[in-house]
Amino acid sequence: MMSTGLFITLEGGEGAGKSTLMGRIQDWLEQAPIEFIITREPGGTRLGEQVRDLLLHQHQSAVSAQAELLLMFAARAQNLAETIRPALAAGKLVLCDRFTDASFAYQGGGRQLGAALVAQLEAAVHPDLQPDLTLLLDLPVADGLARKHADIPDRIESEQAAFFQRVRAAYQQRARQFPGRIKVIDAALPQEQVVAAAIAHLKKLTESAC
Ligand code: TMP
């Protein structure tokens, strides 16, 4: 086991193949062998999953952009306290399906609340903690939406293409700002190449941490 925990997050727009990649990374971690946990945001705890349900699956009532942002951080505060921080303290690798970069992308960019407000909440909720590695699956919006077409969209997935263009632009801005932490993977590549690129980044990080 590693002497200190590692915090890895996975990000990307709609239809970028995040769920498939999560499964493939899990397979790799299991045979590594590395002690790890998997969590997601919004979600990961009982409270967080309830927030997720409120935010994504309750279409009947309007949710203001600010309420959405604050609920994302409420779920995050709980996930940090209950799941992420204890696992890191125990030396485990934490793989989180979305984290604060998603708030910068979706609420800061997509909802146009701006990065400054998201940064204030980040400074309040986890001033001391950033992911060690973030894998960002990048894909043109039209391609992602076409891939998603068969599913029934949740509340956020029901947004228009312009919203997702802003999400993508905000993610790309984050990647330019934090090139050491955020590794952009071209999600238009064949799946095996996407997986290979992700595993190469993970190997580099876990080997340097051992
Ligand atoms: P997903 O985990 O299936 O991608 O769904 C989560 C949705 O929640 C996705 O549309 C992105 C959105 N989201 C935000 O808008 N802000 C956030 O901070 C997080 C973590 C997720």
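We count ligands from 1, going down the list as the structure has it; atoms in each ligand are counted the same way. No hydrogens, no waters, no symmetry mates; every other heavy atom, side chains included, goes into these values.
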- Query: Any side-chain donor-acceptor pair under 3.5 Å between N79 and T39?
  - Reply: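 The answer is yes; a qualifying pair exists.
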
Between [X] and [Y], does any side-chain N to carboxylate O distance fall below 4.0 Å?
X: D154; Y: R52; answer: no
X: E122; Y: R76; answer: no
X: E159; Y: R166; answer: no

Need the ligand 1 atom indices (1-based, order shown) with element for anything under 4.0 Å from a heavy-atom of [X].
X: S103; result: 17 (C), 18 (O)
X: P42; result: 8 (O), 19 (C), 20 (C), 21 (C)
X: K18; result: 1 (P), 2 (O), 4 (O)
X: E14; result: 10 (O)

- Query: For Y171, is the NZ or CZ atom of R168 found under 6.0 angstrom from the centre of its six-membered ring and inside 45 degrees of the ring axis?
  - Reply: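 Negative - R168 is either too far from the ring of Y171 or too far off its axis.
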
- Is it true that Q107 lies under 4.0 Å from ligand 1, counting heavy atoms only?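 True for this residue.
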
- Message: Quick check on E68 - does any of its heavy atoms sit under 4.0 Å from an atom of ligand 1?
- Response: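 Heavy atoms of E68 never come under 4.0 Å of ligand 1.
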
- Message: Among E11, E41, R52, which one puts a heavy atom closest to atom 1 (P) of ligand 1?
- Response: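 Comparing heavy atoms across E11, E41, R52, the nearest one to atom 1 (P) of ligand 1 lies in R52.
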
Closest non-hydrogen protein atom to [atom], residue and atom name please, with distance?
atom: atom 12 (C) of ligand 1; answer: I156 CD1, 3.8 Å
atom: atom 6 (C) of ligand 1; answer: R98 NE, 3.8 Å
atom: atom 17 (C) of ligand 1; answer: M72 SD, 3.4 Å

- How are the rings of H126 and F99 set relative to one another: parallel (under 30°), tilted (30 to 60°) or perpendicular (over 60°)?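 Taking F99 first and then H126, their aromatic rings sit tilted (interplane angle of 30° to 60°).
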
- Closest approach of A75 to G48 (non-hydrogen atoms, all atoms of both residues):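 Answer, listing the atom of A75 first, then G48: CB-CA, 4.0 Å.
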
